[in-house]
Amino acid sequence: MIDGQTQLFGIIGQPVTHSMSPAMHNAAFAELGINGVYIPMQPDNLEQGFHGLKTLGFIGVSVTVPFKVDIMAYLDHIDPVARKIGAVNTLLFDRSNPDKVLCKGYNTDWLGSNLALADEMTLKGSTILIVGAGGAARAVGFGLIEAGVKVVITNRTESKGQDLANLLGCSFVPTSNLSSLAADALINTTSVGMHPHAGGIPLQADLLDRFPVVMDIVYAPLQTRLLREAASRGCRTIDGLKMLQYQGAAQFTLWTNQPAPNATMRDALLQELQARSS
Ligand code: ATR
């Protein structure tokens with residue numbers, strides 16, 4: 001029940017109407033008996049929206065597209081990995097001194113992808129191919145490098161892929177040369193295969209048997225064509241909800257100092273996804 005003690009959490013983005021995070025975080029609060037609520041918010045103006053969150057007493061806020069980079073201008077402290085990635089997806093308001101509320105920014109996207117992969121493999125010392133070179137690839141790539149992975153990038157637009165490889169200090173392989181590559185895992189960070197273009201696949205299916213683990217960050221549909229083709233070739237697959245779930249779990253722990261109820265959060269995401277597709 002919402003009352004005078006209810007702690008405020010939420011997500012800012014544009015749009016946020018389709019965010020699955022409210023379902024995931026509110027289920028976690030309910031499971032642990034935390035008097036908190038997590039709401040979607042779409043500020044017209046980021047600076048004003050940020051000051052609103054600060055003034056209104058919010059504790060923790062997720063940040064999504066298009067605000068992950070611009071939000072950094074308003075923060076008092078930025079976690080070093082988030083700074084390297086150049087994007088913040090999590091805000092934590094420190095209200096220990098009511099006269100000087102501080103806001104710290106973190107990035108949990110990379111933790112989400114690392115934890116999802118770590119369920120299936122040992123990261124340190126492995127080689128992983130990232131398909132894509134956008135914001136998601138950047139967060140995933142920095143995270144893997146933090147974990148001691150040898151990263152290889154491939155991307156439709158070679159110049160963008162090469163730029164990200166230079167930034168990460170890793171190698172780039174043109175899509176046309178992928179047949180000469182083998183790695184311990186492959187991660188699709190592009191939107192290829194996402195509803196309503198669910199028939200898409202980000203690389204030739206007959207290359208997949210070179211990758212024992214295949215992960216997709218697309219979660220709608222849950223079983224993308226990439227994951228279906230990979231499973232049919234004997235690869236172990238990791239769906240896109242895992243990254244969403246684990247990045248949310250890391251946020252939950254930052255905000256509450258409690259271990260996240262992972263199974264509850266995943267169930268909430270699955271139910272939400274099912275409700276949307278029916
Ligand atoms: P995000 O921040 O979500 O990662 P983004 O910055 O727009 O989104 O990056 C999208 C990535 O998906 C890019 O690597 C893009 O490839 P290009 O650099 O060639 O644009 C990739 N991508 C999107 N649609 C694609 C498609 N149909 N085929 C191949 N790659 C695609």
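Just so you know, ligand 1 is whichever comes first in the structure, and atom 1 is the first atom listed for that ligand.
A ring pair (Phe, Tyr, Trp, His ring centres under 6.0 Å) with F9 is found for exactly one of Y38, F252, W255, namely W255.
If you take OG1 on T175 and CG on L181, they are separated by 11.5 Å, rounding to the nearest 0.5 Å.
For ligand 1, the atoms lying closer than 4.0 Å to a non-hydrogen atom of G132 are 14 (O). Of all atoms in ligand 1, numbered sequentially from 1 with element shown, those under 4.0 Å from a heavy atom of G135 are 1 (P), 2 (O), 4 (O), 6 (O). Per-residue contacts place A136 under 4.0 angstrom from the following atoms of ligand 1 (heavy atoms of the residue considered): 1 (P), 2 (O), 4 (O). Close approach of ligand 1 to K160 (heavy-atom distance below 4.0 Å) involves ligand atoms 18 (O), 20 (O). Per-residue contacts place G134 under 4.0 angstrom from the following atoms of ligand 1 (heavy atoms of the residue considered): 4 (O), 5 (P), 6 (O), 9 (O), 14 (O).
Comparing L203, N155, I201 by heavy-atom distance to atom 18 (O) of ligand 1, the nearest is N155. The nearest non-hydrogen atom to atom 12 (O) of ligand 1, considering only V65, T190, T175, T189, comes from T190.
In this structure, P202 has no heavy atom closer than 4.0 Å to ligand 1.
Considering backbone and side-chain atoms together, A133 places an N or O closer than 3.5 Å to an N or O of ligand 1.
Of all the heavy atoms of R156, the ones lying under 4.0 Å from any atom of ligand 1 are found in both the backbone and the side chain.
With hydrogens and angles ignored, the 3.5 Å screen pairs a side-chain donor or acceptor of S180 with a backbone N or O of N177. In terms of modelled atom types and a separation under 3.5 Å, the side chain of D239 and the main chain of L222 share no donor-acceptor contact. Remark: side-chain polar atoms of D184 are not paired, donor with acceptor, to backbone N or O of I128 under 3.5 angstrom. A donor-acceptor contact shorter than 3.5 Å links the side chain of R95 to the backbone of F58.
Within a 4.0 Å radius of atom 20 (O) of ligand 1, the protein contributes one or more non-hydrogen atoms.
Scanning the protein heavy atoms around atom 17 (P) of ligand 1, the nearest turns out to be T157 OG1, 3.4 Å.
Under the rule for a ring pair (Phe, Tyr, Trp, His ring centres under 6.0 Å), the partners of F93 that lie at least two apart in sequence or sit in another chain are F50.
In this structure, the side chains of V63 and T90 stay at 4.5 Å or more apart for every pair of heavy atoms.
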